[in-house]
K.L.:
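Below: one structure in structure tokens.
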Amino acid sequence: MSKISWMTPVVTVFHEDGTLDVEGNKAVYEHLIKGGVDGIVVMGSTGEFFSMPMEQKKELIRVAAETIKGRTRLLVGTSCMDYRETIELGNYAIDQGAEAVMIIPPYYFALSDASVEEYFDKVADGIHGDILIYNFPDRTGYDIKPQVTLNLARRHKNIVGFKDTVVPMEHTRELIKTMRPEFPEFEILSGYDDNFVHNVISGGNGSIGGLSNLVPEVTSALAKAVRENDMENIQKYQREIDQWMDIYSIGTPFIPVVKRALQLRGLPISDTSTVPFLPVTKEQEDRIKTLMTKMGLL
């Protein structure tokens with residue numbers, strides 16, 4: 001079976017004028033690598049890909065590839081509403097050194113199963129590298145079914161994995177049962193941090209979870225414990241993760257909250273996010289500090 005991984009959908013750091021903070025992004029990558037994450041996913045949902053222009057996306061891909069340089073896995077979210085731009089950005093990321101690209105299909109209109117297959121047929125034919133399908137029904141308005149995934153994997157050797165951002169594990173378990181007999185190396189990852197252990201126990205490969213931005217040392221320790229079948233530490237770090245999950249409830253969306261928490265950890269970054277995300281309030285900052293203090297991080 002494929003590797004067990006906890007990868008980080010990394011935040012994107014911006015200056016107050018909306019331009020990329022190159023040094024800030026590098027600082028976050030170094031923080032994650034030092035923390036032992038199994039991979040960095042640039043421009044996932046936490047990375048605000050949906051509100052970045054094409055040239056800014058390409059600039060960030062260059063920065064990430066030059067900084068990470070094979071020290072951990074590098075995946076890049078290259079989703080665009082126009083499939084041609086998805087292909088363009090996907091090939092750019094692969095050419096810059098990304099191991100694979102992660103793609104969520106178009107959102108706004110709910111798509112039929114046949115439309116989802118048509119979209120990924122075109123994208124997979126056009127991208128000369130490996131692809132992970134990204135399923136996030138709360139954002140797209142529709143689900144990518146296990147049978148659809150199997151159909152696509154049968155037609156396209158470069159569709160090699162799936163990120164399943166759903167709360168209930170039934171969908172992910174069904175995906176695992178559907179894919180494993182025919183594609184034992186197909187990588188199946190959960191999108192929520194607290195599903196990591198359940199995912200692996202069910203036969204999956206782990207998680208691409210945003211909490212690892214803040215505490216990569218904790219999430220990587222849990223991944224290590226799972227790989228070593230160390231039940232005592234699995235329980236210990238799972239309980240820590242369960243408590244850290246409170247950070248997601250501090251702000252909607254949670255991305256500015258994570259950036260502010262990273263500042264409080266001492267990272268030299270701005271907590272600016274793309275419009276229309278609002279800055280962290282004083283009340284929210286107090287809640288962040290309370291949680292970090294409780295968990296021994298301040």
Side-chain angles (χ1 to χ4, degrees), residues 1-9 37-39 41 44-45 73 75 77 79 99-105 111-114 116-117 119-121 123-124 129-212 219-220 222-231 234-235 237-238 241-242 245:
M1 194 181 76
S2 299
K3 59 185 80 69
I4 293 171
S5 301
W6 191 312
M7 293 188 281
T8 304
V37 299
D38 297 308
V41 182
S45 296
R73 300 174 69 188
L75 280 68
S79 307
E99 174 187 319
V101 297
M102 186 175 76
I103 297 171
I104 193 169
L111 299 182
S112 67
D113 292 347
V116 173
E117 291 197 35
Y119 177 80
F120 278 107
D121 280 339
V123 167
D130 287 345
I131 296 168
L132 274 72
I133 294 172
Y134 183 9
N135 184 45
F136 199 168
D138 283 353
R139 297 294 175 266
T140 61
Y142 57 90
D143 174 57
I144 302 173
K145 297 181 177 66
Q147 185 60 48
V148 168
T149 308
L150 181 61
N151 295 343
L152 289 166
R154 284 170 171 167
R155 291 197 294 272
H156 305 283
K157 291 182 178 179
N158 60 334
I159 293 181
V160 300
F162 194 102
K163 178 183 178 182
D164 204 15
T165 304
V166 294
V167 174
M169 277 294 296
E170 294 96 314
H171 183 276
T172 311
R173 289 198 303 268
E174 191 60 36
L175 179 67
I176 292 166
K177 289 191 294 182
T178 300
M179 298 302 296
R180 281 286 174 259
E182 196 168 333
F183 296 96
E185 298 301 314
F186 192 84
E187 193 165 15
I188 299 171
L189 300 145
S190 288
Y192 289 114
D193 308 82
D194 48 354
N195 279 345
F196 176 86
V197 174
H198 193 159
N199 176 293
V200 175
I201 289 171
S202 297
N205 302 97
S207 177
I208 300 176
L211 190 58
S212 53
T219 58
S220 61
L222 177 56
K224 180 175 183 288
V226 169
R227 286 191 287 265
E228 296 177 355
N229 199 25
D230 178 355
M231 184 55 67
I234 290 172
Q235 291 175 334
Y237 291 115
Q238 179 64 48
I241 296 297
D242 291 344
M245 292 297 289

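Start at 1 with the first residue, then count along the sequence. Small disclaimer: the values here were computed from a predicted structure and weren't measured.
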K.L.:
Does Arg227 use its side chain to pair, donor to acceptor, with the backbone of Leu222 at less than 3.5 Å?
P.N.:
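No, because the side chain of Arg227 does not come within donor-acceptor range (under 3.5 Å) of the backbone of Leu222.
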K.L.:
Are Tyr142 and Ser112 linked by a side-chain donor-acceptor pair shorter than 3.5 Å?
P.N.:
no
K.L.:
Any donor-acceptor pair under 3.5 Å linking the side-chain atoms of Asn199 with those of Ser190?
P.N.:
yes
K.L.:
Evaluate the criterion side-chain contact (heavy atoms from CB on, under 4.5 Å) for residue pair Ser207 and Leu189; output intermediate values, then yes/no.
P.N.:
CA-CA 5 Å; Ser207 177; Leu189 300 145; 5.7 Å; no
K.L.:
Closest heavy-atom contact between Val148 and Val116?
P.N.:
CG1-CG1, 4.1 Å
K.L.:
Identify the residue among Leu175, Ile176, Leu132 that makes a side chain to side chain contact (heavy atoms under 4.5 Å, CB included) with Phe162.
P.N.:
Leu175
K.L.:
To the nearest 0.5 Å, how far apart are OG in Ser5 and CZ in Phe196?
P.N.:
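It is 8.0 Å, given to the nearest 0.5 Å.
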K.L.:
In Å and rounded to the nearest 0.5 Å, what is the CD1 to CG distance from Ile144 to Asp113?
P.N.:
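Ile144 CD1 to Asp113 CG: 10.0 Å, rounded to 0.5 Å.
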K.L.:
For residues Ser45 and Tyr134, report the shortest heavy-atom separation together with the two atoms involved.
P.N.:
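Distance-wise, the nearest heavy atoms are OG-OH, 2.7 Å.
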K.L.:
From the options Ile208, Val37, Asn205, select the one residue that forms a side chain to side chain contact (heavy atoms under 4.5 Å, CB included) with Met7.
P.N.:
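Only one option passes, and that is Ile208.
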K.L.:
Any side-chain donor-acceptor pair under 3.5 Å between Asn158 and Asp130?
P.N.:
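No, because no side-chain N or O of Asn158 sits under 3.5 Å from a partner of the opposite role on Asp130.
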K.L.:
If you measure only the distance, is there a donor-acceptor pair under 3.5 Å linking the side chains of Ser212 and Thr219?
P.N.:
no
K.L.:
Could you tell me whether Asp38 and Arg73 make a salt bridge, using a distance below 4.0 angstrom between a side-chain N and a carboxylate O?
P.N.:
no
K.L.:
Less than 4.5 Å apart, side chain to side chain, heavy atoms only: is that true for Asp242 and Asp194?
P.N.:
yes
K.L.:
Yes or no on side-chain contact (heavy atoms from CB on, under 4.5 Å) for Ile131 and Val123, after CA distance, side-chain angles and deciding distance?
P.N.:
CA-CA 9 Å; Ile131 296 168; Val123 167; 4.2 Å; yes
K.L.:
Is any side-chain heavy atom of Lys224 less than 4.5 Å from a side-chain heavy atom of Asp230?
P.N.:
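A side-chain contact is absent here, since even the closest heavy-atom pair is not under 4.5 Å.
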K.L.:
Can you see which heavy atom on His198 is nearest to which on Met169, and at what distance?
P.N.:
ND1-CG, 3.5 Å
K.L.:
Over all heavy atoms of both residues, which pair between Ala153 and Met179 is shortest? Give the atoms and the distance, please.
P.N.:
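Closest heavy-atom pair between Ala153 and Met179: CB-CE, 3.7 Å.
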K.L.:
Distance from Gln235 atom CD to Gln238 atom CD, nearest 0.5 Å?
P.N.:
10.0 Å
K.L.:
About how many Å separate CD1 of Ile234 and CD of Glu228, when rounded to the nearest 0.5 Å?
P.N.:
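If I round to the nearest 0.5 Å, the distance is 9.5 Å.
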K.L.:
So Tyr119 and Ile103, do their side chains get closer than 4.5 Å, heavy atoms only?
P.N.:
yes
K.L.:
A side-chain contact here means heavy atoms from C-beta on lying under 4.5 Å apart; do Leu211 and Ile241 qualify?
P.N.:
yes
K.L.:
Mind checking whether His156 and Phe120 have side chains closer than 4.5 Å, heavy atoms only?
P.N.:
no
K.L.:
Can a salt bridge be assigned to the pair Arg154 and Glu182 using a cut-off of 4.0 Å between side-chain N and carboxylate O?
P.N.:
yes
K.L.:
Mind checking whether Leu152 and Asp121 have side chains closer than 4.5 Å, heavy atoms only?
P.N.:
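When only atoms from C-beta onward are counted, Asp121 and Leu152 do touch, with a gap below 4.5 Å.
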K.L.:
Answer yes or no: is there a side-chain heavy-atom contact under 4.5 Å between Ile159 and Ile133?
P.N.:
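Touching, per the 4.5 Å side-chain cut-off.
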K.L.:
Should Arg155 and Glu117 count as an ion pair when the cut-off is N to O under 4.0 Å?
P.N.:
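Looking at Glu117 together with Arg155, the answer is yes, because their closest N to O distance falls below 4.0 Å.
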K.L.:
For a 4.5 angstrom cut-off between non-hydrogen side-chain atoms, does Lys163 reach Glu187?
P.N.:
no
K.L.:
At their closest point, which heavy atom of Arg180 faces which heavy atom of Gly204, and how far apart are they?
P.N.:
NH2-CA, 3.9 Å
K.L.:
Within this structure, what is the OG1-CG distance for the pair Thr178 and Leu150, rounded to the nearest 0.5 Å?
P.N.:
7.0 Å
K.L.:
Any idea which heavy atoms bring Asp138 and Tyr192 closest together, and the distance?
P.N.:
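Here Asp138 and Tyr192 meet closest at OD2-OH, 4.3 Å.
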K.L.:
If I take atom CD1 from residue Ile188 and atom CG from residue Asp164, how far apart are they, to the nearest 0.5 angstrom?
P.N.:
8.5 Å
